[in-house]
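First comes the structure, then the notes that go with it.
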Amino acid sequence: MTNSFLYYYEVYFIRSSAPSLTYATHQSLNIGSIVAVPLKTTVNEAVIFRKVKKPEFETAEITSVLNTNYNREQMEIAKFISEYYFSSFGEAISLFIPFKNTSLTDLLPKKIEEKILPKLSDIQQKAYDQLLKKEKALLFGVTGSGKTEIFISLMAKMMEEGKTSIFLMPEISLTPQMEKRLKVYFGESVAMWHSKLTKKKKASILEGIESGEIRIVAGARSALFVPLSNLGLIIVDEEHDDSYKAMTRPRYHARDVAVLMGSKLGAKVVLASATPSMSSYYKYDVIKLDKPYIETEKKYTFISGDRINNTMLDTIDTHYKAGDQSLLFLPTRGNFKYLYCESCGKTHLCPFCSVGMALHRKHRHLKCHYCNYTEPIRDTCIHCGHTPLKSERMGTVEAIEVISEAVEGIQIEQFDKDSITTAKKLKEALQRFESGESQLLLGTQMLSKGHDYANITLSIIMGLDYILGLADYRARERAMSLLFQIAGRSGRAKAAQIIVQTGDPEFFQTYLADYELFIKDELAFLEMAEYPPFASLARILIAHKDESKASKITLDTVTKLKAFEEIEIVGHGKAPVEKIANKFRFHILLRAKHRVPLLKALHRVDCREIEIDFDPVDFA
DNA sequence: AGCACGCCGACT
DNA sequence: GTCGGCGTGCTC
């Protein structure tokens with residue numbers, strides 16, 4: 001194998017944003033091989049990127065060749081991620097777990113006994129048959145319509161064909177519940193994967209994958225990158241959830257990468273949600289799972305205002321006295337205040353961007369977080385003339401105080417990021433609620449994520465107007481999907497009452513019975529206002545401890561970008577969150593009708609001092 | 001002027 | 001990851 005002839009390879013360092021370096025070796029190596037190379041005084045792991053001619057400069061020699069490698073598909077997908085999401089190749093490839101050189105590629109079929117598999121209803125069977133025929137599709141079905149049984153049937157089918165499956169969920173906190181469910185059918189063939197697993201646990205799962213015992217990997221975002229051979233299926237459950245978008249480099253969207261991976265590997269991709277994203281509904285074939293599995297009656301009541309009022313307290317009391325359980329949602333107390341009208345529920349929108357304008361008390365003005373347009377704080381609502389406008393909302397702690405005082409004896413579970421800090425606390429809170437020890441689950445966004453709560457007969461959703469007023473082109477989508485998700489948590493077994501607090505009941509009422517109607521109207525709005533999926537957005541973040549330097553980088557970048565005709569600079573200036581970790585933050589928001597010119601322009605600007613977020617979901 | 005410290009870029 | 005160059009800011 002070894003000879004005196006030298007080969008030269010460009011390598012990227014694993015877990016590093018550094019540019020590629022060139023090393024020499026006596027061996028011919030495969031692209032994707034993992035090697036150890038000297039760098040200054042240390043030896044580091046790197047991946048062979050490509051073969052090159054003998055360079056002009058002196059080269060060091062590769063220290064050793066390790067017994068793991070990235071395969072061709074992993075290298076190609078990492079290349080795509082690094083280019084589309086603006087990270088180095090080293091950072092992109094590090095998302096993946098490499099294959100062992102000894103890995104076997106053939107898997108023997110595993111048969112799941114038919115009698116233990118869930119029996120599909122006619123509606124489920126029809127959706128299943130349709131999904132079998134499609135390379136990729138969006139499964140659109142309300143909460144409780146039995147999507148999980150369809151997933152299980154699909155995964156069982158894959159196993160019978162000697163293929164493996166990946167099942168993505170938006171959050172780690174959802175995995176224990178799904179694990180229980182999957183183990184019933186797949187036992188040791190299924191493993192749960194997320195970034196918080198111990199090194200030891202990860203190693204043992206990887207061993208199981210390598211031996212072919214594990215055929216299904218389920219978990220959060222990172223489960224997408226495990227080294228499964230013969231991948232046949234990727235399921236992205238709750239595909240509308242923004243948790244799929246990574247907030248650090250590479251800032252990839254797991255749902256979109258899943259679709260790419262599916263087409264590269266010839267694996268089926270099933271996106272699923274009761275409240276699908278506008279973009280998925282627009283882009284993919286939709287398979288509807290119409291009728292709820294268990295049909296229960298839901299009665300809606302609309303209440304205006306922004307506090308807990310007597311109607312709510314009385315209703316909570318009634319349900320409590322009847323021995324039933326309730327759920328109350330409050331939006332997370334965000335960093336930004338918005339002026340909204342108590343009377344009509346509407347917020348003041350930016351005239352240029354159609355997103356809510358944020359209130360900056362310090363500067364006494366309203367500011368658009370997209371284009372940085374500002375105007376004085378107004379006193380009256382431009383929609384109905386009502387005065388005064390409000391900006392304060394209730395927090396979870398205050399809400400608990402008010403309810404505890406009014407409803408004697410009720411035990412309330414605080415369900416938010418402040419109180420649910422660990423998996424153990426989550427489990428205990430849910431257990432107390434399930435056992436009936438507590439009767440009201442009161443919390444934030446977390447409530448909307450598919451945890452199973454048994455006998456809820458009352459759901460109260462507060463602060464929807466606040467969500468509607470967010471500086472986000474998807475504010476309406478967020479508000480509507482939240483309402484549907486929370487309403488879906490109640491009435492699983494018995495009829496349920498749902499109280500919706502909004503000053504704009506007509507908006508929500510129009511769509512209550514039909515989320516698809518909302519999608520159609522919202523897509524029309526997005527097309528008119530030129531937002532995704534009818535345009536491409538990118539956000540540039542500039543952070544520097546020296547404010548004038550940050551400002552200069554921003555302006556220089558804007559100047560360079562102005563040369564590109566096909567892209568629009570929506571706005572630039574101080575970022576909504578002006579300072580993080582002692583660094584002053586500036587941002588630039590860009591839009592283009594097509595993504596390719598936007599990508600091209602951004603690849604031309606100096607990216608060392610800026611961070612690019614392509615297809616952003618967060619504008620803070 | 002001299003020195004300590006921290007940031008940033010290069011390393012192959 | 002580690003090293004060294006350089007600029008900033010503090011002290012003598």
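What's counted below: heavy atoms across the whole structure, side chains too, no hydrogens, waters or symmetry copies. A, B, ... follow the sequence lines: proteins, then strands. Residue 1 opens every chain.
You'll find the ring centres of A/Phe99 and A/Tyr70 outside the 6.0 Å limit. The ring of A/Phe619 has its center no closer than 6.0 angstrom to the ring center of A/His587.
For NZ of A/Lys427, the number of neighbouring non-hydrogen atoms (other residues, nucleotides, ligands) closer than 6.0 Å is 12 at most.
Of the options A/Phe225, A/Phe614, A/Tyr84, A/Tyr244, a ring pair (Phe, Tyr, Trp, His ring centres under 6.0 Å) to A/Tyr252 is made by A/Phe225 and by none of the others.
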**Fill in**
Quick tally for nucleotides 4-12 of chain B: nucleotides whose base has a protein heavy atom under 4.0 Å get B, sugar-phosphate-only ones S, the rest -, giving ---S--BBB
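In this structure, A/Tyr12 atom OH and C/dG1 atom C1' are separated by 18 Å, rounded to whole Å.
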**Request:** Go through the steps to decide whether A/Val257 and A/His253 satisfy the test side chain to side chain contact (heavy atoms under 4.5 Å, CB included), and finish with yes or no.
**Result:** CA-CA 6 Å; A/Val257 172; A/His253 199 303; 5.8 Å; no
